[in-house]
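Read the structure below first, then the notes.
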Amino acid sequence: MEQQYNPKTIEHEVQQYWENHHSFKAVEDPQQEKYYCLSMFPYPSGNLHVGHVRNYTIGDVLARFHRMLGKNVLHPIGWDAFGLPAENAAIQHQVAPAKWTYQNIQHMKKQFKQLGLGYDWDREIATCHPEYYRWEQWLFIKLYEKGLVYKKNAVVNWDPVDQTVLANEQVIDGRGWRSDAKVERREIPQWFLKITAYAEELLNDLDKLTEWPEQVCTMQRNWIGRANGICIQFDTVDLKTINTIEVFTTRPDTLHGVTYLALAPEHPLSLQAAENNSRLKAFIQDCRSLKVAEAEIATLEKQGIDTGLKAVNPINGEIVPIWVANYVLMEYGSGAIMAVPAHDQRDFEFAKIYNLPIRQVIQPQNTTKEAPCDLTKAAFTEKGHLIHSGQFNGLSSEQAFKAVGDLLQEKNQGKPEIHWRLRDWGVSRQRYWGTPIPMINCPKCGTVPVSEKDLPVILPEDVHFEGVGSPLKKMPEFYETNCPSCSGKAQRETDTFDTFMESSWYFARFACPRQNQTMFDNSVNYWLPVDQYIGGIEHAILHLLYSRFFYKAMRDLGLVKNDEPFKRLLTQGMVLKDGFKMSKSKGNTVDPKSLMEQYGADTLRLFLMFAAHPEQSLEWSDSGVEGAFRFLKRLWSKTAEQVKIKKTRNSNISLSSTAFSSEALSESQKTLRRLCHETIEKVTDDYGRRHTFNTAIAALMELMNALTRFPIQTDMDYLIAEEVLEAIILMLSPIAPHITHALWHALDHQKAILEEQWPKVDTFALITDTLEMVVQVNGKVRAQIVVPIHSDDETLKKMVLNHENVQRHIQGKIIRKVIIVPTKLINVVVS
RNA sequence: GCCGGGAUGGCGGAACUGGUAGACGCGCCAGACUCAAAAUCUGGUAAUGGCGACAUUGUGAGAGUUCGAUUCUCUCUCCCGGCACCA
């Protein structure tokens with residue numbers, strides 16, 4: 001074998017070997033346990049960044065590890081190919097989005113191969129291929145037939161100069177990014193998927209996701225936001241057109257504390273009131289220049305205007321003013337709220353600004369007298385018991401919830417309701433580079449879905465892209481068609497789907513990506529659900545929730561079995577540099593290409609897995625890479641040395657591994673074997689259960705250090721060294737697959753390392769007869785003692801109290817107690 | 001603003017169930033090899049005091065629970081992710 005580690009030639013050769021042997025081709029085999037490992041597919045932006053490398057290396061490590069455990073592994077990859085950046089590139093570089101995207105895919109594919117990622121390339125998919133999106137169009141029509149699709153008006157960011165809809169990302173400080181014009185909210189008809197029909201199940205099934213990070217489940221729970229409350233009707237005073245205002249509240253117990261109502265600026269009554277109120281009209285107009293983003297509204301300085309109208313509190317007949325306020329969302333509830341400044345922080349802030357009364361009606365638990373709590377700085381938002389609430393005084397918040405609800409229901413002015421924060425999913429995008437929505441607008445028949453036999457509706461790829469508006473709207477050859485129902489002249493939808501549509505089902509299509517008769521065939525029942533899904537924490541809500549929704553909807557259409565698509569989830573942290581998410585705009589990207597050229601893919605993979613726990617954000621540093629490279633070089637020369645010894649020694653010195661357990665081993669031999677098998681135990685757990693590749697690598701480095709210090713003099717030394725070295729190489733192979741492939745071959749193995757089994761723990765090697773315990777006095781470490789295993793408490797106590805350093809610290813003091821934590825620690829408490 | 005997460009040596013990080021804080025790596029220091037340098041190998045490396053044994057302090061800040069807290073509870077500061085048209 002070569003004396004020098006030369007990653008460039010090795011990696012190329014090994015990659016060639018995998019290619020020639022179709023090493024990663026996945027074939028269904030009902031006899032074998034399957035393992036479907038998937039990293040979230042990338043958007044083909046053109047350049048690979050370190051975050052990608054991290055994501056795909058984690059997936060590759062797990063796929064290779066489970067393969068060595070004997071499972072039938074599916075590890076596919078594809079491209080989330082539709083999206084806004086392609087349109088931007090089209091404008092910037094005068095290249096069609098399709099061409100730009102395909103070039104990027106080619107480029108990134110090459111880089112993925114250079115990274116040594118073990119994908120089944122036969123299953124590669126790109127979402128911009130008609131063979132892919134035809135099934136999305138087909139599914140959309142099925143969902144339409146099932147009543148899960150509807151059309152309604154919804155607000156978008158409208159650029160009045162460019163006459164185009166803008167993404168939130170394209171609105172900067174309230175202005176269009178290209179035109180710099182003040183953005184307006186505009187309502188246009190759009191398609192929606194009824195995800196709220198699954199709200200309950202999406203919430204409840206989170207409990208089944210025991211192998212998901214708890215924080216992701218919590219975020220989804222909050223996002224779905226089940227709210228148990230009461231819908232209350234306030235009658236308006238002297239108003240004929242709109243005689244009630246509906247509000248939703250989760251705190252009916254605070255109903256006596258209502259001092260005003262607040263309407264969203266888009267609320268029908270707001271608009272009506274503005275008709276002969278120019279100040280209000282101007283205010284509503286002002287609110288319209290807001291970007292369509294919740295964060296935008298929530299961080300606003302609270303503003304509002306009194307409409308002059310009044311409403312009646314149904315519980316006590318009190319007349320309260322009706323305001324229009326910018327902090328009330330039209331999308332949530334009924335677009336109107338009852339304001340209780342004393343017990344809601346946002347209402348409190350608003351009331352402070354406009355000098356509206358703040359009336360306490362809830363008193364903290366455990367307080368008996370009716371003393372007002374401090375409401376000068378903030379609202380009291382917790383539950384308690386009622387005061388100043390007439391007949392309800394003295395009730396707890398929970399009791400009042402029911403009592404108030406009952407009374408309102410009796411008076412026919414309210415009813416219990418469950419509200420969801422989750423809103424239906426708007427899937428229309430007024431953009432070119434996306435899946436065409438398979439709908440036809442007929443002047444006679446209205447909206448009609450495209451016939452199944454006419455699918456796919458193909459997106460024309462050869463277009464002239466100006467950047468203002470979608471080219472589809474200027475292409476009669478695209479939109480002019482006939483109505484499937486009456487055959488008369490009709491027009492196609494020119495909007496395309498939200499790109500989250502494609503990513504909500506691609507994981508299932510990997511089971512049968514070339515199937516052109518049906519969306520899925522029987523192979524989905526073999527491969528799904530995904531056993532391990534890996535992706536950025538930034539996808540914790542939207543992508544994962546949409547995918548869960550799709551899966552349930554597809555289940556109800558009989559397309560898949562099971563309730564949840566992803567059994568186990570690993571959310572990787574961001575790769576940061578100088579404390580920021582890497583992005584082109586910040587100019588802080590690290591190019592993996594130059595690192596790969598300098599050190600090779602194995603070093604880059606090793607470093608990324610070593611630098612941090614996969615779920616934590618990773619602070620990039622160039623210097624650490626050197627250390628990973630050094631480790632591989634040491635492993636290389638250690639193996640070369642071992643091979644040399646092998647050649648000089650008698651060839652018949654092979655012993656079966658049981659021989660290692662014999663009493664004949666020396667202390668140092670036993671110690672090294674024990675460390676080796678402890679390491680196998682730890683690394684197996686780190687890979688399989690904990691997914692902490694960083695600590696697995698640290699353990700392998702420690703074992704390597706021990707091996708380096710172990711002198712080889714006898715045949716037994718040599719055999720033990722070989723056992724340890726082979727264990728290190730095998731356990732490192734999922735992370736550094738090229739070098740370990742070469743080293744395994746150099747150690748005279750015929751089988752390729754990726755066909756080998758994961759090393760097994762020899763429990764005999766773990767046996768020891770002493771252990772080290774820590775001795776504390778009053779919780780401070782004062783000594784370490786080596787004790788025979790299974791020592792009884794009395795013996796331990798005696799040993800500890802006789803210890804010189806312990807004696808010094810307990811001298812002249814009274815021993816209060818001695819705490820013994822078996823196998824770990826003894827704490828002497830004195831005073 | 002709301003929801004979720006994070007903060008540990010000069011740096012990246014480890015400490016899994018409340019039990020030796022700083023594993024492993026980087027960097028730095030010293031030594032070996034070398035005419036010299038690079039590479040490589042060996043040893044040291046939280047701070048303070050001490051020749052040393054050892055002692056004191058120390059995990060963003062402040063409080064609390066406990067024999068014992070990086071770990072649990074509360075309050076706060078700063079940073080990161082998401083907030084429905086970036087993917």
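Keep in mind that this is a model prediction, so the values were computed, not measured. Proteins get letters first, then strands, A, B, ... in listed order; numbering begins at 1 in each.
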For [X], which contact category applies under a 4.0 Å heavy-atom criterion: base, sugar-phosphate, or nothing?
X	answer
A/V821	base
A/Q190	base
A/H809	sugar-phosphate
A/L825	base
A/W425	nothing
A/H613	sugar-phosphate
A/F500	base
A/V156	base
A/Q345	nothing
A/R221	nothing
A/K682	base
A/E331	nothing
A/Y43	sugar-phosphate

Check this for me: A/R346, atom CZ, are more than 12 non-hydrogen atoms of other residues, nucleotides or ligands nearer than 6.0 Å?
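12 or below, so no.
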
Same-atom distance ([atom1]) from [N] to [M], integer angstrom:
N	M	atom1	result
B/rA53	B/rG60	C1'	35 Å
B/rU59	B/rU70	P	7 Å
B/rG64	B/rG1	P	29 Å
B/rU71	B/rU8	P	14 Å
B/rA46	B/rA14	C1'	15 Å
B/rG10	B/rA47	C1'	12 Å
B/rA32	B/rC51	C1'	26 Å
B/rC86	B/rG68	C1'	49 Å

Among residues at least two apart in sequence or on other chains, which ones pass side chain to side chain contact (heavy atoms under 4.5 Å, CB included) with [X]?
X	result
A/N153	A/E187, A/P189
A/C287	A/P265, A/F283, A/N326
A/A736	A/D602, A/L632, A/L732, A/I739

For the pair made of [atom1] in [X] and [atom2] in [N], what is the distance, rounded to whole Å?
X	N	atom1	atom2	value
A/L290	B/rG1	CG	C1'	14 Å
A/F629	B/rG12	CZ	P	24 Å
A/L618	B/rG13	CG	P	7 Å
A/L542	B/rC83	CG	C1'	8 Å

When the ring planes of A/F629 and A/Y599 are compared, do they come out parallel, tilted or perpendicular, using 30° and 60° as the limits?
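It falls in the perpendicular class, over 60°.
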
Is the ring pair A/Y56/A/H52 parallel, tilted or perpendicular, if the boundaries are 30 and 60 degrees?
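Plane angle under 30°, so parallel.
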
Tell me whether A/K682 is salt-bridged to A/E702, with the criterion being a basic N under 4.0 Å from an acidic carboxylate O.
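Result for this pair is no, no salt bridge flagged.
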
Partners meeting salt bridge (charged side-chain N to carboxylate O under 4.0 Å, His left out) with A/E349 (sequence neighbours left out)
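For A/E349 the salt bridge (charged side-chain N to carboxylate O under 4.0 Å, His left out) partners, ignoring immediate neighbours, are A/K302.
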
N/O-N/O pairs, protein side and nucleotides 4-10 of chain B side, under 3.5 Å:
unit_1, atom_1, unit_2, atom_2, d
B/rG4, O2', A/Q215, OE1, 3.0

Apply side chain to side chain donor-acceptor pair (under 3.5 Å) to [X] and list each qualifying residue two or more places apart in sequence or on a separate chain.
X	value
A/E296	none
A/E502	A/T435
A/K824	none

Side-chain donor-acceptor pair present, A/D686, A/T695, cut-off under 3.5 Å
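Short answer, yes.
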
Pairing donors with acceptors under 3.5 angstrom, does anything connect the side chains of A/E493 and A/W191?
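Judged by distance alone, the side chains do pair up.
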
Does a side-chain N or O from A/R429 land closer than 4.0 Å to OP1 or OP2 of B/rC85, or not?
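For B/rC85, OP1 or OP2 has a side-chain N or O of A/R429 closer than 4.0 Å.
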
Under the side-chain hydrogen bond (donor to acceptor under 3.5 Å, both in side chains) rule, what pairs show up with a residue in residues 168-177 of chain A, not counting sequence neighbours?
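Residue pairs with at least one partner in residues 168-177 of chain A: A/N157-A/N168.
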
Is a donor-acceptor pair below 3.5 Å formed from side chain A/Q170 to base B/rC85, judging by atom type as modelled?
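No such pair is found, so the answer is no.
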
So, for A/W420 and A/Y198, is the gap between ring centers shorter than 6.0 Å?
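No; A/Y198 has its ring centre 6.0 Å or more from that of A/W420.
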
Taking a pair as Watson-Crick (N1 to N3 plus N6-O4 or O6-N4) or G-U wobble (N1-O2 and O6-N3), both under 3.5 Å, which stems of 3 or more consecutive pairs involve RNA chain B?
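Looking at RNA chain B, the stems formed by three or more consecutive pairs are B:1-7 with B:77-83, B:10-12 with B:24-26, B:27-32 with B:40-45, B:46-49 with B:54-57, B:60-64 with B:72-76.
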
Which atom pairs link the protein and nucleotides 39-50 of chain B when you take only N or O atoms and keep those under 3.5 Å?
none

Show your working on salt bridge (Lys or Arg N to Asp or Glu O under 4.0 Å) between A/K644 and A/E641 and close with a plain yes or no.
CA-CA 5 Å; A/K644 215 174 187 176; A/E641 191 188 311; over 6 Å; no

Pick out the pairs of N or O atoms, protein on one side and nucleotides 67-69 of chain B on the other, that lie under 3.5 Å.
unit_1, atom_1, unit_2, atom_2, d
B/rC67, O2, A/N827, ND2, 2.4

